[in-house]
Amino acid sequence: MNFLKTDFLIIGSGVAGLYSAYKLSSYGEVIVVTKKYDYESNTFYAQGGIASVFSEKDDPEKHLKDTLEAGAGLCDIEATRVLVTEGPKHVRELLSIGVEFSRNKAGEIDLVLEGGHREKRILHAKDRTGKEIELALLSKVKSISNIKILENHSLIDLITQHHLTKSLEHSEITCYGAYVLDNKKSDIFPILAKKIILSTGGAGQVYLHTTNPDISTGDGVACAYRAGAIIKNMEFYQFHPTTLYHEKGDSFLISEAVRGKGGILKRLDGEPFMKEYHPMGDLAPRDIVARAIDNELKKSGEPHVLLDVTHLIKPDIMANFPYIFEKCKSLGIDITESAIPVVPAAHYMCGGVATDLFGRTNIINLYACGETASTGVHGGNRLASNSLLEGLVFADRTAKDISEQKCGFLPEHELVPQWDKEGMINTEEWVLISHDLNEIKTIMSNYVGIVRSNLRLERAYRRIQLIYDEVIDYYNRTVITNPLLELRNLVQVAELIIRSAMSRKESRGLHYSTDYKEDRNPSRNDTVIINHI
Ligand code: SIN
């Protein structure tokens, strides 16, 4: 029988997956499953930085206040306090494993501003902070002999008692591992583990325009939902206000740190507009800036607004934003000479698999951390640069919880059936996958974007239901490939986002409905969805 066994199975190799692997490696064998290359993750593409209290002027209470304010009254205060107080220790640990953050002329860590922050507290590695952190963590993890990384392996489904050939007398849902697809060999096999961590990042690919890489298809959330995990707050999909508008550039991120350094959003006639929307102007929280730009575009009928840095000192721009400078230059835009055309694009999933303060889900042995998890720290709108921090803090807590438990049980592999390929056809119609995918993205972008309404959500729901049924039917009959798995997960995530949005009869944070506009229901809390299996 073809299977693997390990102590700890981690799905996903971004900051949360790698940091938890590193922390767990003293307690047993770890397998990290990742869909493409080991570094490919949302983390790798994070530009701006990691928010953490590092200056004398700052303190965790101020970071807490800014996070709660951005979160539109929905942050879990306890979880947020954990984030801001434990964060600095983990950022120092990154320094100790070799992460090099940018420094000022005096050799001190260069702290910058981003939207929603009232103090300079963003540590960065020029404009490629995520890459710096990802590569340092990878190099650490690869030096540890009991961590094995399986590249090019996709999560198909979590294994729970429902898959086993014999009942194990567990009344609560319990996870024993996962079925995975080896994309190179087209082979499907189970990996059995005592503890399983989902850290598969977000699902930006559910929209037409996103800053996320192709792999961001919500695999963790979709699999957890199918297994019976509680899913929270999926309506809060964050759109980054500024991505490059260019026919050849696919939603390339223009970091919020650009506005932190003094970049100004302007209409095409050169008029700044953000002060008309919020007292913090260009550094208002992200939901407000994205909505303001959306409003400007609707009013003007233009395809983009401008982000102007031409008044800043040219060598400073080139020193701080070399990646952005080069990317824009390659498309014929010299950002030191002319303003950058920008539009919002899908960026970050604020909801996800509900967890407690230790990454535990409602499924026994199953944990989630990073963007996949809903720890409560982002509420209705994530504060800029809190995501890498959340990945570290809650990966550490997850690892601690696992290490403190007596977790000895692995089912006999004979109880776990091999994947049944009987009756699967190898269709000639693979093109249907891209048709369905384009339809999902178009529906989500047209009806479930920055501004929503009851009518649009109902329309989206009806259409997604149809596609969902088609995809599941196709999935049940067809040989499994990675694109098919991704399609199945994306349609599931789309459905969860729409259902969550339909249930929130108010405007709050990233969920803005023209039917409720300024209404906020003071007693409305998290949106919770469970698949009762
Ligand atoms: C950015 O550089 O603007 C992204 C930072 C983030 O999403 O937190």
Side-chain angles (χ1 to χ4, degrees), residues 14-16 41-52 63 66-67 70-71 75 80 83-84 87 91 101-102 110-117 120-134 201-204 207 209-213 216 236-244 251-263 265 274 280 282-290 293 307 309 317 320-325 327-328 335 340 342-350 352 370-371 377-379 381-393 509-510:
V15 62
S41 56
N42 271 0
T43 299
F44 187 79
Y45 297 92
Q47 290 184 5
I50 181 160
S52 194
H63 190 181
D66 290 346
T67 304
C75 295
T80 312
L83 176 81
V84 299
V91 175
F101 291 112
S102 296
D110 182 40
L111 298 171
V112 295
L113 272 179
E114 280 183 0
H117 292 272
K120 290 188 175 178
R121 64 169 73 96
I122 318 296
L123 294 90
H124 64 106
K126 296 186 179 156
D127 55 356
R128 299 236 49 192
T129 313
K131 179 178 174 192
E132 175 68 23
I133 293 175
E134 177 73 19
Y207 288 100
H209 302 292
T210 176
T211 60
N212 296 179
S216 296
F236 298 117
Y237 217 101
Q238 186 172 70
F239 281 69
H240 195 289
T242 56
T243 66
L244 181 64
S251 303
F252 178 77
L253 181 62
I254 307 292
S255 175
E256 197 144 317
V258 172
R259 276 176 286 132
K261 285 276 183 196
L265 283 162
M274 270 314 301
M280 290 176 85
D282 291 285
L283 288 177
R286 232 172 237 184
D287 54 334
I288 290 160
V289 184
I293 296 175
L307 177 58
V309 292
I317 298 176
N320 283 301
F321 306 112
Y323 181 47
I324 295 172
F325 177 81
K327 175 74 183 185
C328 291
I335 65 172
I340 312 166
V342 290
V343 285
H347 183 59
Y348 191 87
M349 184 173 76
C350 292
E371 191 171 348
V377 302
H378 305 313
N381 174 46
R382 176 179 65 94
L383 182 65
S385 285
N386 267 355
S387 49
L388 294 172
L389 192 70
E390 185 200 28
L392 293 176
V393 169
L510 297 158

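Order of appearance sets the numbers: ligands from 1, and atoms from 1 within every ligand.
Contact annotation for R286 and ligand 1: only side-chain heavy atoms (C-beta onward) come within less than 4.0 Å of the ligand.
Remark: the H378 side chain and the Y348 side chain contain an N/O donor-acceptor pair separated by less than 3.5 Å. Residues N320 and H124 have side chains that never bring a donor and an acceptor to within less than 3.5 angstrom of each other.
Using a non-hydrogen distance threshold of 4.0 Å, Q238 does not register as a contact of ligand 1.
Scanning the protein heavy atoms around atom 8 (O) of ligand 1, the nearest turns out to be S385 N, 2.6 Å.
Below 3.5 Å of separation, one finds an N or O of G48 facing an N or O of ligand 1. Of the polar atoms of E256, at least one N or O is found under 3.5 Å from an N or O of ligand 1, judged by distance alone.
Residues satisfying the salt bridge (Lys or Arg N to Asp or Glu O under 4.0 Å) criterion with E134, sequence neighbours excluded, are absent altogether. With sequence neighbours excluded, the residues forming a side-chain contact (heavy atoms from CB on, under 4.5 Å) with P213 are E40, N42, Y45, I215, S216, listed by chain and number.
The S255 neighbourhood of ligand 1 comprises atoms 1 (C), 2 (O), 3 (O), with distances under 4.0 Å to a heavy atom of that residue. Applying the 4.0 Å criterion to heavy atoms of A384 picks out, from ligand 1, the atoms 8 (O). Those atoms of ligand 1 with a heavy atom of H347 less than 4.0 angstrom away are 4 (C), 6 (C), 7 (O). Near Q47, meaning under 4.0 Å from one of its heavy atoms, ligand 1 places the atoms 2 (O).
A 4.5 Å side-chain heavy-atom check between C350 and E371 finds every atom pair outside the cut-off.
In summary, R286 and E256 engage in a salt bridge, as defined by a charged side-chain N under 4.0 Å from a carboxylate O.
The backbone N or O of I254 sits less than 3.5 Å from a side-chain atom of T242, completing a donor-acceptor pair.
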